[in-house]
Amino acid sequence: MVNWCPELGTVLANDEIKNGFSERGGFPVEQKKMRQWSMRITAYAERLIKDLDKLDWSESIKETQKNWIGKSKGATINFQIPGLENKIEVFTTRPETIFGVSFIVLSPEHKLLKKVTTNKQKQKIEEYIAKASLRSERERTSEVKQVTGEFTGAYAIHPFTKKKLPIWTADYVLSSYGSGAIMSVPCGDQRDWLFATKFKITIINIFKDKDISKSAYTNKDAILNNSDFLNGITTKKAEQLAIKELAKNNYAEPKTQYKLRDAVFSRQRYWGEPFPVYYKGTLPYLLKNDKVVELPKIDNYLPTNDGEPPLARVSKEEWKTDFSGDRMEANTMPGWAGSSWYFLRYIDPLNTKEFVSKEKLNYWKNVDLYVGGAEHATGHLLYSRFWTKILYDLKYIPFEEPFKKMINQGMIQGNSRFVYKLKNESSSITKKHTIYFSKNIVEDINHRNSFSINEFKEKLINTTLYKADAQLLKKLHTQLEKHVFKTHVDINLVEGYELDIKAFKKSRKEYNNAEFVLENEKFKCSGAVEKMSKSYYNVQNPDTLVEKYGADTLRCYEMFLGPLEQHKPWDTKGITGVYSFLKKFWKLFHKEGKFNVSKGSPTPQELKTIHKTIKKTKEDIDRFSFNTPVSSFMICVNELTSLSCNNTEILSLLCIILSPYAPHVTEEMWSKMGNKNSISLAEFPEYKNEYILENKFKYPISFNGKMKFLLELPKTLSISDIEKEVLNNTKTIKLLQGKPHKKVIVVPNKIVNIVI
RNA sequence: GCCCGAGUGGUGGAAUUGGUAGACACGCAAGACUUAAAAUCUUGUGACCAUCUGGUCGUGCGGGUUCAAGUCCCGCCUCGGGUACCA
């Protein structure tokens, strides 16, 4: 079974589907039987979880991967069916609840379902199977609360009590997980509880002193009851005991189960790496030579009339590859075939002998820092780890993980605008004209009902709706929200929240006859912060900003906005601040518009300013805090401006540390100061502590933890001397008002706290 | 439901190991220059009280630990993201 998307004409991997729709395009996805290549990522499930501990990645991505792999420990237990050789195998994480089992459920796709069903129940079961197969993934996930199922008429035998357990089928049991069958313990599992309650199946309470009349008791801290040899034991201890006892009679064995499925590796597309595989009859063979298989030319990039992939259009002769079979594999590989290991090839892209040379591999090794989006957590970032492990196991590479450290940059969000559009009511007026309502008109009517129908009519005076029939008007007045829908409007047509009606009408043909219900002669839109996307019409084009302020300003501003990892809406309010900072920077190099710098030795003040900034910038960049250096640059330029500094030595250092943020203007100043090489080749300067160090420190003097005043003292002073100085200070005496102090805490070069 | 992350002035944010909360900007206000505007420069700007010196409160809410809490601990609330019939 694969996820088939008819609209895209291809199979999709699990991570490419969101809520039953394709992630790209949002088309419906259905289940289909198809012969496909797939990768046995499930064989690596354990290692993929275990090795997460070695990685310096965000907890949330690690968690997402862990959940996606979905490891659970438990046991498989076999239930016998009288009169049949087959046993029903179930997987459970709670074998200790074996005495609470009151029924067995098979998934509608289970291979034994039809076999066990009695003649009497046959028709009902077949109807249920048909109904379940028609339910799309979408329906199954959106109707979680709905309990459905059917009794097969058959019974299984409880391994210990030998009691008869009715066998049911229900689609809350998934065929693709575990063995596709469960033992139902209604007292300990909420879904089983709901099912048993709905179909009036016995609920056995095996938990001592726990109430299960309203819902199942799902915590694993109870003491067992009604459980034969497990009575009086806590659930945790009982687990192993139950497995042991079951195993004695070959009824059970311990088992670890994963949610992760094998990854489908075929795509019915043209653009993708072709497989080095050909067929003789129905049997596939691997191409023996190591030659690269090239995509053949094709007349049309569409599937064949029989629904075969595009490559099936190509005849044997049209392939550049020599192969001795009947036909080449027509599927191509998915995107992650390349994205899983490209970083290895990037090390050595021109190598024609091997995919990467050993020497280069040993030098570069795996990626030190990966900056990327968290949205790839269960796709690319998992596949890439899997792929790296395969290459490691095959001894092609000396490391098991592709990316040592990862930072997830935040998304820049868009500020969307919406208009309220009247649905096509069955009225001659609304069919001819599209009518839009200003935001507060809709909200006032629906939430506050602040104006009467006559006032409402007043608001319509400039629209064709004014002449509408009384019934329609009444409908709109009482429940406007039901008759309008919110739709995105291009942010370029909106100033703040006010719609530019003229521009809006012009923007599209179908808007030409649009009419607007205004408030205070203006049309207001509503807004929301969401993902920046073309389909939301909230995309900001940086070109106009670059034109107005320059690329350096934009670059600095993007950094200045806030921490790298944080999501935030795009807002250009503060960009002028960064712009004037760069202008001030430029002014340091110029006098009355002419380039003017001085040579000679810098003053101690100037040296202190620049070395302080180098230190701060270096430390901030080292901890990936890219926003805070911009403030330091601003402080530095402000200080150098007030020092009237135009010293080449100082300004050269400033240029280098600023160049990653403002590469253009710094490169220009750098070359004007006479440097032949690009500033991008200059070495990041070392700061010198001797220029920064002070011999005095301004101590904050606090009373009971509250800062009252500052006192400058030499750094060489001992703790007891500091205490003496502080206590003898007139301000201290004044604040103490003769009261005794309990304690004085002195933290050298940090703080003094007097406890009263 | 479960898992992860975040809540600091009017706004974006800073505070790195528990040690001066609000750096640096935006915005706003006043002033200088200008016929005027833009640009630029100067000053002020967390809230409340006070004529000044100053005082009280203040990092989502309620507790706690500590000489000292935005930072640590316990319990909540709100928002954002991920995930979901996984037995």
Side-chain angles (χ1 to χ4, degrees), chain A residues 18-19 58-64 66-68 70-72 74 90-94 97 105 107 140-141 143-147 170-174 176-185 188-192 194-195 218 257-261 374-375 377-378 408 410-411 413 529-531 557 560-563 565-569 571-581 583-584 587 616 619-620 622-623 625 627-636 638 698-710 734 741-747 749-756:
Chain A
K18 291 265 135 70
N19 295 327
S58 72
E59 273 318 300
S60 74
I61 291 231
K62 287 189 187 181
E63 275 301 314
T64 308
K66 262 183 211 163
N67 293 339
W68 187 261
K71 179 179 180 175
S72 27
V90 305
F91 173 70
T92 177
T93 52
R94 304 194 60 189
T97 62
V105 187
S107 67
R140 280 175 80 152
T141 49
E143 294 165 17
V144 169
K145 295 270 137 47
Q146 225 176 16
V147 183
D171 66 3
Y172 81 90
V173 176
L174 306 175
S176 49
Y177 183 73
S179 57
I182 60 162
M183 61 176 216
S184 285
V185 184
D189 183 287
Q190 188 57 22
R191 289 155 307 169
D192 295 348
L194 284 170
F195 195 84
T218 52
Q257 190 69 47
Y258 300 92
K259 271 200 296 193
L260 186 73
R261 317 278 162 86
E375 66 273 21
T378 55
N408 304 120
M411 250 192 310
Q413 297 162 312
V529 171
E530 49 189 1
K531 195 164 92 180
Y557 182 61
F560 188 58
L561 265 178
E565 295 176 78
Q566 231 160 70
H567 297 257
K568 54 188 60 221
D571 187 348
T572 56
K573 260 201 319 241
I575 200 168
T576 52
V578 176
Y579 184 48
S580 52
F581 151 67
K583 280 195 287 191
K584 281 185 213 161
K587 276 188 195 161
K616 172 98 171 103
E619 286 170 356
D620 286 353
D622 280 350
R623 65 185 173 106
S625 170
N627 53 326
T628 44
V630 182
S631 312
S632 319
F633 297 141
M634 288 174 171
I635 294 167
C636 180
N638 287 344
K698 266 189 188 164
Y699 278 92
I701 312 299
S702 48
F703 291 74
N704 287 339
K706 277 182 192 169
M707 206 279 282
K708 292 294 177 184
F709 64 91
L710 292 170
K734 196 182 160 196
H741 63 270
K742 280 185 195 152
K743 212 201 257 183
V744 179
I745 287 148
V746 178
V747 185
N749 301 323
K750 274 252 167 87
I751 199 166
V752 176
N753 190 19
I754 299 166
V755 187
I756 309 170

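Because the structure is predicted, anything quoted here is derived from the model rather than measured. In what follows, every chain begins at residue 1, and chains take the letters A, B, ... in the order their sequences are listed.
- Looking at the side chain of Lys708(A), the nearest of the listed nucleotides A87(B), C67(B), U56(B) is U56(B).
- For the side-chain contact (heavy atoms from CB on, under 4.5 Å) test, residues two or more places apart in sequence or in another chain that qualify with Tyr579(A) are Tyr549(A), Thr553(A), Lys583(A).
- Rounded to whole Å, atom C1' of A84(B) lies 15 Å from atom CD of Glu63(A).
- Taking for each of Arg623(A) and Gly70(A) the nucleotide of RNA chain B with the nearest heavy atom, the 5'-most of the two is the partner of Arg623(A).
- In this entry the distance linking NZ of Lys259(A) with C1' of C85(B) reads 11 Å, nearest Å.
- Residue-level contact check: Asp571(A) touches neither bases nor backbone, having no heavy atom under 4.0 Å from any strand.
- Between Tyr177(A) and Phe91(A), the ring planes lie perpendicular to each other; the angle is over 60°, past the 30° to 60° tilted range.
- The main-chain N or O of Ile756(A) is found under 3.5 Å from a side-chain atom of Asn704(A) such that the two form a donor-acceptor pair.
- Using atom P as the reference point in both C61(B) and A39(B), the two lie 39 Å apart (nearest Å).
- Residue-level contact check: Ser625(A) touches neither bases nor backbone, having no heavy atom under 4.0 Å from any strand.
- Rounded to an integer number of Å, the gap from Arg261(A) CZ to U83(B) P is 15 Å.
- For the pair Asn67(A) and G82(B), the criterion of a side-chain N or O lying under 4.0 Å from OP1 or OP2 is not met.
- At distances below 3.5 Å, not a single donor-acceptor pair connects side-chain atoms of Tyr258(A) with backbone N or O atoms of Ser72(A).
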For nucleotides 18-26 of chain B, give me every protein contact, N/O to N/O, under 3.5 Å, one pair per line with atom names.
{"unit_1": "A23(B)", "atom_1": "N1", "unit_2": "Ser631(A)", "atom_2": "OG", "d": "3.4"}
{"unit_1": "A25(B)", "atom_1": "OP1", "unit_2": "Asn638(A)", "atom_2": "ND2", "d": "2.8"}
{"unit_1": "C26(B)", "atom_1": "O2'", "unit_2": "Lys573(A)", "atom_2": "O", "d": "3.2"}

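- The gap from the P atom of C76(B) to that of G27(B) amounts to 43 Å, rounded to the nearest Å.
- Note: NZ (Lys62(A)) to P (C3(B)) measures 18 Å, nearest angstrom.
- Between G12(B) and U20(B), the two C1' atoms lie 24 Å apart (nearest whole Å).
- Shown here are the side-chain contact (heavy atoms from CB on, under 4.5 Å) partners of Lys66(A), two or more places apart in sequence or in another chain: Ile49(A), Leu52(A), Glu63(A).
- Distance noted for atom C1' between A50(B) and C57(B): 15 Å (whole Å).
- Residues that satisfy the side chain to side chain donor-acceptor pair (under 3.5 Å) test with Lys71(A), not counting sequence neighbours, are Glu46(A).
- The side-chain contact (heavy atoms from CB on, under 4.5 Å) check on Ser625(A) picks up Asp620(A), Arg623(A), Asn627(A), Thr628(A), with sequence neighbours excluded.
- Contact annotation: Lys583(A) side-chain N/O to U40(B) OP1/OP2 distance is under 4.0 Å.
- Nearest nucleotide to the side chain of Asp189(A), out of G13(B), A87(B), A15(B): A87(B).
- Rounded to an integer number of Å, the gap from Lys71(A) NZ to U83(B) P is 22 Å.
- Rounded to whole Å, the separation between the C1' atoms of U83(B) and U16(B) comes to 33 Å.
- In terms of position on RNA chain B, the residue among Leu260(A) and Tyr579(A) whose nearest nucleotide sits closer to the 5' end is Tyr579(A).
- Checked against side chain to side chain donor-acceptor pair (under 3.5 Å), Asp622(A) has the following partners two or more places apart in sequence or in another chain: Lys618(A).
- One interatomic measurement links the two molecules: CD1 of Ile61(A) to P of C3(B), which rounds to 19 Å at whole-angstrom precision.
- Distance noted for atom P between A14(B) and C72(B): 16 Å (whole Å).
- For the P atoms, the distance linking U17(B) with U66(B) amounts to 23 Å, nearest Å.
- Residue contacts shown for Gln190(A) are absent, as no nucleic acid heavy atom lies under 4.0 Å away.
- Every residue meeting the side-chain contact (heavy atoms from CB on, under 4.5 Å) condition with Ile751(A), not counting sequence neighbours, appears here in chain and number order: Pro700(A), Ser702(A), Val747(A).
- In textbook terms, a nucleotide whose glycosidic angle is within 90° of 0 is syn, while G7(B), being further out, is anti.
- For Lys584(A) (side chain) and Asn638(A) (main-chain N/O), no donor-acceptor pair under 3.5 Å exists by modelled atom type.
- Computed from coordinates, the Lys66(A) NZ to U83(B) P distance equals 17 Å when rounded to whole Å.
- Taking atom C1' on both U65(B) and G55(B), the two are 29 Å apart, rounded to the nearest angstrom.
- Remark: RNA chain B forms stems of 3 or more consecutive Watson-Crick or G-U wobble pairs, all pair distances under 3.5 Å, at B:1-7 with B:77-83, B:10-12 with B:24-26, B:27-32 with B:40-45, B:46-49 with B:54-57, B:60-64 with B:72-76.
- Atom CD1 of Ile701(A) is separated from atom C1' of A68(B) by 14 Å (rounded to the nearest Å).
- By the salt bridge (charged side-chain N to carboxylate O under 4.0 Å, His left out) test, Asp192(A) pairs with no residue at all, sequence neighbours left out.
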